[in-house]
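Sequence lines set the chain letters: A, B, ... in the order given, protein chains first and strands last, and positions in each chain run from 1.
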Protein chains: 2
Amino acid sequence: MSLRYALLALVRVGPQSGYELQKQFAVSVGHVWHAPDSQIYPELRRMEGEGLLAGEEQTRGERGTRRLYHITPAGEQAFLDWMASPPDYQRVRDPAHLRAAYLEAATPAQGRAFLRAHIAQWEGELEQWRGELVRIDAADNPMLVRRLAVTADEDRERTIAYKRFAYEGLVERALGEIQWARSGLDLIDRLEGAEEAP
Amino acid sequence: MSLRYALLALVRVGPQSGYELQKQFAVSVGHVWHAPDSQIYPELRRMEGEGLLAGEEQTRGERGTRRLYHITPAGEQAFLDWMASPPDYQRVRDPAHLRAAYLEAATPAQGRAFLRAHIAQWEGELEQWRGELVRIDAADNPMLVRRLAVTADEDRERTIAYKRFAYEGLVERALGEIQWARSGLDLIDRLEGAEEAP
DNA sequence: TTGGTCATGTAAGTCGTTACATGATTGG
DNA sequence: CCAATCATGTAACGACTTACATGACCAA
């Protein structure tokens, strides 16, 4: 149930429409917490109903409208309460390692395909997260720039440092997954004989 | 939807009751894929309905019964098909890194509490997974022993090696998470000043 | 005038969580 | 005889997925 806190983190930097928030999910928080629009719009309505956000109907052109959401004091407090609350961890549920534990039931080719897919998956994530680190350093992330604009001077270093910290952790994790899968490819070579040239 | 494949992996070594499978989840596959009994019993019934398992009603004492599940050829094939299928990855949804990215909104004490909880969480997992490695090496895991008993000699090495491979990956991941959180504690010290003695 | 993007949802279904519910058997 | 453990579920709810649905605005 972190979706609402991800949304609060975004709305905290300034009023936004559902559409803007949904787009931000694709490029900033979304690198850490994915959510589709079909989940975001109803959640914003719920949060408005609970008083965490205030919605403001705006006109757009002749007949178009959009709804700008502002954070309320209750919303700000909910975010701070969440930051102070003990984290909740999901029980482990890891399809990749589950499958890896039974690779003797696969052919060597299937095992290699699986591990290569794992590498490709994490290389994709790695690229996202490294890109985000670059954008943080270049002050090139629009949300971070907006955030820093409303942040007191003495808090800018901290804001940037914690963001770097989060993404560095993700980069390390991705590198670990890739290294693990590579060692799995080596293991298959040792156990089943090296792969024939295609 | 890996639950049924985790169950198939277990039933593949020999007939088991729902209760036994549920217990195995606590000590073997459960280290990789958690599932509560309230999910396991209905899933077994569904799998029986789909012909992946064959259930056999047994009497226990005077009036007690239990249901033994055998894997069917269709079940075996479903497991092998799953091993050969491209893995599916969930979109990223990581509450810990989400929170880490906004730690400037927390007090130093809250930030430290969060990171310490993260360390405690992963030290718990680490202990589980290292324990599992020890049991693999000592041939002390009942499911693995049963598995090896029905495994051809030439396949034993592979069976053990892949299991080690899976758990070694999890151990590395846990170590990475712990290292990350420790570096976060150092970061808080640098940014906010070292913690006062309690 | 047309295609992209702005804008906001609904509906059906799956997976998982938490809590509740019940009763039999067996070993000490 | 009593506690542990064997044994099997149901019910309600919440989070997320996938697919569908609609329409306005704007720039080329």
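Here A:Tyr162 pairs with B:Glu192 under the side chain to side chain donor-acceptor pair (under 3.5 Å) rule; sequence neighbours left out. Taking the ring-ring contact (aromatic ring centres under 6.0 Å, His included) definition, one finds that B:Trp82 meets it with B:Tyr5, B:Phe79, sequence neighbours left out. Every residue was checked against the salt bridge (charged side-chain N to carboxylate O under 4.0 Å, His left out) condition with A:Arg146, not counting sequence neighbours, and none meets it. Scored by the salt bridge (charged side-chain N to carboxylate O under 4.0 Å, His left out) test, A:Arg12 finds A:Glu76 as partners (sequence neighbours excluded). Residues satisfying the side chain to side chain donor-acceptor pair (under 3.5 Å) test with B:Glu157, not counting sequence neighbours, are none. B:Glu132 is linked by a side chain to side chain donor-acceptor pair (under 3.5 Å) to B:His31, B:Arg135, B:Asn141, counting only residues two or more places apart in sequence or in another chain. Every residue meeting the ring-ring contact (aromatic ring centres under 6.0 Å, His included) condition with A:Phe165, not counting sequence neighbours, appears here in chain and number order: B:Trp180. With sequence neighbours excluded, the residues satisfying salt bridge (charged side-chain N to carboxylate O under 4.0 Å, His left out) with A:Asp155 are A:Arg158.
A centroid separation of 6.0 Å or more is found between the aromatic rings of A:Tyr167 and B:His97.
Taking a 4.0 Å limit (strictly below) on heavy-atom distances, residues 39-58 of chain B reaches DNA chain C at B:Gln39. Near DNA chain C, meaning a heavy atom under 4.0 Å away, the residues from residues 17-28 of chain A are A:Gly18, A:Tyr19, A:Gln22.
Ionic pairing of A:Glu43 and A:Arg46 is present here: one or more N-O contacts between side-chain nitrogen and carboxylate oxygen are shorter than 4.0 angstrom.
Contacts classified as salt bridge (charged side-chain N to carboxylate O under 4.0 Å, His left out) and involving residues 93-102 of chain B (residues at least two apart or in different chains) are given here: A:Arg173-B:Asp94.
Summary of the strand contacts: B:Gln90 and B:Thr65 both lie near DNA chain D, and taking for each the nucleotide with the nearest heavy atom, the more 5' one is attributed to B:Thr65.
Residue B:Ser38 places no side-chain atom within donor-acceptor reach of the base of C:dT17, judged by atom type and a 3.5 Å distance cut-off alone.
Rounded to whole angstrom, the span from the CZ atom of A:Arg91 across to the P atom of C:dT18 amounts to 8 Å. We find that CZ of B:Arg66 is positioned 17 Å from C1' of D:dG9, with the value rounded to whole Å. Across the protein-nucleic acid pair, B:Asp37 atom CG and D:dT10 atom C1' stand 12 Å apart, rounded to whole Å. Taking atom CZ on A:Arg4 and atom C1' on D:dC16, their separation rounds to 15 Å, with Å as the unit. The separation between B:Leu3 atom CG and C:dG16 atom P is 6 Å, rounded to whole Å.
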Collect all protein-nucleotide pairs involving nucleotides 25-28 of chain D in which both atoms are nitrogen or oxygen and the distance is under 3.5 Å.
unit_1 : atom_1 : unit_2  : atom_2 : d
D:dC25 : OP1    : A:Arg60 : O      : 3.2
D:dC25 : OP1    : A:Glu62 : N      : 2.7
D:dC25 : OP1    : A:Arg63 : N      : 2.6
D:dC25 : OP1    : A:Gly64 : N      : 2.9
D:dC25 : O4'    : A:Arg60 : NH2    : 3.3

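Here A:Arg93 reaches the OP1 or OP2 of C:dT17: one of its side-chain N or O atoms lies under 4.0 Å away.
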